[in-house]
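Written out below as structure tokens is the structure these notes cover.
We count residues from 1, following the sequence as given. This structure is a prediction, so every number in the text was calculated from the model and none was measured. Atoms within a ligand are numbered from 1 in the order they appear, just like the ligands themselves.
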Amino acid sequence: MSGPTSSSIRRLAPDPDGATLDDADLISGYAVAPGPHLRANFVTSVDGAVSVAGRSEGLSSRADKRIFAILRMLCDALLVGAGTLRQEQYRALRLDERRRQWRQRQGRPAQPTLVVVSGSLDLDPSQSAFADAPVRPIVLTTADAPVQRRKRLAEVADIVVAGDRTVDLPHGLDQVRALGHQQVLCEGGPLLFGTLTAADAIDELCLTVSPLLAGAGAGRITAGPASAVRTMRLRQVLGDDDGMLMLRYTRDAQPR
Ligand SMILES: NC(=O)c1ccc[n+]([C@@H]2O[C@H](COP(=O)([O-])OP(=O)(O)OC[C@H]3O[C@@H](n4cnc5c(N)ncnc54)[C@H](OP(=O)(O)O)[C@@H]3O)[C@@H](O)[C@H]2O)c1
């Protein structure tokens, strides 16, 4: 199965004018005010699937990938659960030259920092996400994490401990922010997102809806502990020529 292919993106709400958006438009459309901010980014099918054959690739498109890349460029740190890192075989987080220069013009480090959440530390230090990283990644883990695995990972990443048996995510995020990473982008997956939702830590959700019926089997974008219902505000709807929708929701605090 392949997704839609066009990358022409238009604003559908608010104020649709029919114009095709360039990168500068997208950057201003996704800008957030300075200060701590946790944004999650997911893609789903119209029937709510988080994956096709175990990966998100089958749900994505050129337009979705364009937004995905812009959001990476705008973040200080990229937070990802170990399940997604393993399943999606994350490569090194490395922005291209144009995006590095854009960040440096904003007075930011050229590359964002990868932050991986794992209790088991069942992570491969030779995976490209660690071994080829232009900036040393951070692994958020627990005090009870296996010592030998921790030692091996410490060769390629900075280990930050938050919590004893499971990662205390609010505490972990505080530590990440104390290292200078205020604007955090979470790329999932469902267990990490569900746990952050339960902690009421999510400020924003960027959700791409792909015009596909994926059928039964796959999970939703969220999993894990139950949480109180939170109302989100729809801030922006973008679309491409193939019916892909890029939705931006925030909690009460106003984005820039
Ligand atoms: N459609 C999309 O946009 C999208 C985005 C991301 C992922 N996905 C899909 O989601 C699936 C992966 O789902 P998943 O739920 O396994 O992903 P996940 O949330 O990325 O990973 C779960 C793992 O993260 C670690 N973790 C998360 N919260 C933790 C906490 N509070 N304390 C300790 N460890 C914690 C644990 O790692 P350890 O096991 O190492 O302890 C846990 O097993 C894949 O099929 C992927 O393709 C889709």
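Of the protein's non-hydrogen atoms, the one nearest atom 3 (O) of ligand 1 is V43 N, 2.9 Å. Scanning all protein heavy atoms for the shortest distance to atom 32 (N) of ligand 1 gives V167 N, 2.8 Å. Counting only heavy atoms of the protein, atom 14 (P) of ligand 1 lies nearest to P190 CD, 3.8 Å. Of the protein's non-hydrogen atoms, the one nearest atom 21 (O) of ligand 1 is G83 N, 2.9 Å. Counting only heavy atoms of the protein, atom 25 (C) of ligand 1 lies nearest to V117 O, 3.2 Å. The protein atom (non-hydrogen) at minimum distance from atom 24 (O) of ligand 1 is A82 N, 3.2 Å. In this structure, the protein non-hydrogen atom closest to atom 19 (O) of ligand 1 is L192 N, 2.8 Å. Ranking the protein heavy atoms by distance from atom 47 (O) of ligand 1 puts E88 OE2, 2.4 Å first.
The shortest heavy-atom distance from A223 to ligand 1 is not under 4.0 Å. Ligand 1 has at least one atom lying under 4.0 Å from a heavy atom of V50.
Note: an N/O pair closer than 3.5 Å links L191 and ligand 1 by distance alone. Ligand 1 has no N or O atom lying under 3.5 Å from any N or O atom of F42, backbone or side chain. At least one N or O atom of G189 sits closer than 3.5 Å to an N or O atom of ligand 1.
Between the side chains of T142 and D144, no donor-acceptor pair of N or O atoms lies under 3.5 Å.
Side-chain contact between F130 and V139: present, with at least one pair of heavy atoms (C-beta onward) separated by less than 4.5 Å.
Close approach of ligand 1 to G188 is summarised as follows: ligand atoms under 4.0 Å from at least one heavy atom of the residue are 20 (O). Residue contact check: S118 has heavy atoms under 4.0 Å from atoms 34 (N), 37 (O), 38 (P), 40 (O), 41 (O) of ligand 1. Close contacts between ligand 1 and R55 involve ligand atoms 47 (O) [criterion: under 4.0 Å to a heavy atom].
Under the 4.0 Å criterion applied to side-chain N and carboxylate O atoms, D23 and R98 are assigned as salt-bridge partners. Salt bridge status for D124 with R86: absent, with no side-chain N to carboxylate O gap under 4.0 Å.
For the pairing with E204, the side chain to side chain donor-acceptor pair (under 3.5 Å) check across R233, H37, R251, R235 returns one residue only, H37. Of the candidates D25, L238, D241, L21, R10 forms a side-chain contact (heavy atoms from CB on, under 4.5 Å) with just one, namely D241. For the side-chain contact (heavy atoms from CB on, under 4.5 Å) with L79, the lone residue among L114, I138, T113, L196 that qualifies is L196.
Side chain of T20 to backbone of I9: no donor-acceptor contact under 3.5 angstrom is found. For Q183 (side chain) and G35 (main-chain N/O), a donor-acceptor pair under 3.5 Å exists by modelled atom type.
Around atom 44 (C) of ligand 1, the closest heavy atom drawn from R86, E187, Q87, R220 belongs to Q87. Counting heavy atoms only, S120 comes closest to atom 41 (O) of ligand 1 of the residues A218, S120, G172, S56.
For D76, the salt bridge (Lys or Arg N to Asp or Glu O under 4.0 Å) partners two or more places apart in sequence, or in a different chain, are R108. With sequence neighbours excluded, no residue forms a side chain to side chain donor-acceptor pair (under 3.5 Å) with Q87.
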